[in-house]
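We name chains A, B, ... by the order of the sequence lines, and we start the count at 1 in each one. Every heavy atom of this structure was used, including side-chain atoms; hydrogens, water molecules and symmetry mates were not.
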Amino acid sequence: MGAPEEGPARHYLLARADFQSLFDALAREGYTTLGPTVRDAAIVYAEIRNVEDLPIGWTDRQGPGTYRIERRKDDALFGYNVGPHSWKGYLYPSRERLWAAHRSPSGFTVEPPEAAPPRYAFLGVRACELQAIAIQDRVFDGPYADPAYRARRASSLRIAVQCGQAGPTCFCASMGTGPRVGPDHDLALTELLGPGSHRFLVQVGSPRGAAIADRLPLRPATEEDLRARDALVDQATSSMGRSLRTDDVHDLLLGNPGLHRWEEVARRCLACTNCTLACPTCFCSTTEEVPDLSGDRVERWRRWDSCFTLAFTQLGKGSVRRSPTSRYRQWLTHKLASWQDQFGSSGCVGCGRCITWCPVGIDLTEEVAALREESSAKTAVSGGER
Amino acid sequence: MGPESVAASPTSDAVPGLPEYAPRPFLLQDRRQETSDTVTLTLVPADGGTVPSFRPGQFNMVYAFGVGEVAISISGDPTRDGPLVHTIRAVGKVSTALTRLRPGDVVGIRGPYGQGWPIDAAEGKDVVVVAGGLGLAPLRPVLYELIGHRSRYGRVEIVFGARSPADLLYYSEVQEWRRRTDLRLQVTVDSADRSWYGDVGVVTQRLPDTRFDASRAVAFVCGPEIMMRFVAQALEARGLAEDAVWLSMERNMKCAIAQCGHCQYGPLFICREGPVLSYRRLKPLLAWKEL
């Protein structure tokens, strides 16, 4: 037994037959529910209203540069790994209007921002995704906190779901971000599916989560249910397909800008930006000026950008990072190393999306290992010369 | 409020109820052609309010209505209340639109942002200012400060270089400064025809001729990155400590508030930790190609 809140008293059971009550409770509390659903042969996040919208009986098969959905042998609701979408698409939309302005006697007048933020309930947030949200919170916080992000984040509800399996591209265990759901959530569900029994362990993580739980037909959980959850998490940990060694990665990446491996990976990299778009923490953006036909009114939009584009570092008549080598190096060193200097943690949660969704299957865990090998070989040689 | 808190916290002139991203309209009062592609704009708030105070080396996001925004350093006089002054070279779409504006037109301003030159740390010391081309624009406020409070500083040595005589900024002002006896200003150009009577050569060639006490001097350097690298090396060779040499870095910027990611330079956000940074912090980063 752990801390008192880990006891069965704080845990409840929701029968599979009653799962619709969660959707109904969220709707009654005024939330727009976003969760996993099958669309275009992938499990994506979209607005869902009914339990039937969930990917019932579906799972996915992932690998470097490959993703396929396939049928499960059971009717699990959450029996899949993370797909191409992440919650950042809702907290930090890919396109967002920053402001609008119209010409006026004083030159121009900026119009006040649009109405209240949406009230989202995120259903099916994995452990790594909770960490990704926490990482973006730190990006958009500070003296210039993004008010729109903060508002959406403050009004949203995070319903986590424990992973009972890990995919071949998952490496959250080595990043310390999973697979066990951390304490920072509103509700945490564990899908317990056995012969003749399909139920959900429900853990309440916040007062707002409790307000939802109060509306559900729950019964108390037993020690056995908690053990079943722990067994599931252990199963996910042991099925983790990849790992990344983190203890030396900061100095390894920032101390070796000239390794040959940077050139080698850049020959495979298409600089297509898929990894940065699929990444749940990548936050870079650019702006677009959208005037109307009269030219008297203009909207200023922010949209996701990527450090893999040539234009990203445009300065004067040229770009600073002209070679794909420099752009891949920027992405990896930022994600795993300089992010630590900037925000106090790694920028990577080990979700594996950048591996799965890379069209040529570049695997950052493999790249880091290769960089480490080349770096230590170099050190050994120079050490021998001394 | 101390200068540090001005630099580190959001501008108090942000439009109430609007996000930090919203620009404030400024009226173009005067436009002065500096060179064939560079103008100096003098701006006053269109709402009749006050011009935000700034530290030399800070920058604003300057907005051309319907075109876009660009980061421009402030070139006015920080020692007196006055209009906002920006010197802008027509390079891209936005800067070209800004250079074509006429008195009476309106631009948007948000800022000031970033860390400026550590001018307080220069008190009682010799000051070396090295500017290349448009690099004089963010250093002009330093010169106003040095001249305005001349007794606070030791020797003042200024080296100003440009590609050609036609590319020299603030020409009449530079001539005035050259006539002063309480500072020394050397002007050099990379190439010139026979009508030029001054020095020809890059700024580093003028540095051996500067006189300062390396144990109690600071240097402020701005220009093309390669020029700053060589100047910093030369100053270090003259005995200046790495943290006595300050450079102003330039990178693509979209937001100026460390959120768009464009200006990242290693672990630094140039908009927030810079644009002015010590050579001590920059030296290891300047060694990376295409960082």
With a 4.5 angstrom heavy-atom cut-off, which part of [X] approaches chain B: side chain, backbone, both or neither?
X	answer
A:S319	neither
A:D146	both
A:A311	backbone
A:A148	neither
A:R329	side chain
A:Q314	both
A:F343	side chain

Verdict with reasoning, A:F140 to B:Q259, per side chain to side chain contact (heavy atoms under 4.5 Å, CB included): CA-CA 7 Å; A:F140 294 113; B:Q259 286 177 4; 3.9 Å; yes
Whether B:Y63 and A:F108 hold their rings parallel, tilted or perpendicular, with breakpoints at 30° and 60°: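 It falls in the perpendicular class, over 60°.
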Atom pair OH/CD of B:Y265 and A:Q330 - distance to nearest 0.5 Å: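 Rounded to the nearest 0.5 Å, the OH-CD separation comes to 11.5 Å.
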Atom pair CD (B:E290) and OG1 (A:T313), whose distance is rounded to the nearest 0.5 Å: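 It comes to 8.5 Å.
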A:R268, CZ atom: more than 12 neighbouring heavy atoms under 6.0 Å: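 Count over threshold, so yes.
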Heavy atoms of other groups near A:R245 CZ, more than 12 under 6.0 Å: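 Enclosed: over 12 neighbouring heavy atoms sit under 6.0 Å from CZ of A:R245.
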Interface moiety of B:A64 toward chain A, non-hydrogen atoms closer than 4.5 Å: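 Contact with chain A: backbone only.
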Under 4.5 Å from any heavy atom of chain A - which part of B:E225: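 Looking at B:E225, nothing touches chain A.
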Residue-level contacts of residues 253-261 of chain A with chain B, using a heavy-atom cutoff under 4.5 Å: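 A:L253, A:L254, A:P257 fall under the 4.5 Å cut-off.
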A:R302 versus B:Y21, side-chain donor and acceptor atoms under 3.5 Å: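 B:Y21 vs A:R302: donor-acceptor pair found between side chains.
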Side-chain H-bond candidate by donor/acceptor type, A:T287 with B:E69, under 3.5 Å: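 Note: A:T287 and B:E69 side chains miss the donor-acceptor criterion.
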Leading residue by heavy atom contact count with chain A [cutoff under 4.5 Å; candidates B:A287, B:G261, B:C263]: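 Between B:A287, B:G261, B:C263, the count favours B:G261.
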Option that, when pairs with chain A are counted at under 4.5 Å, heavy atom only, ranks first among B:L291, B:V107, B:N252, B:D105: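 Most pairs with chain A among the choices: B:N252.
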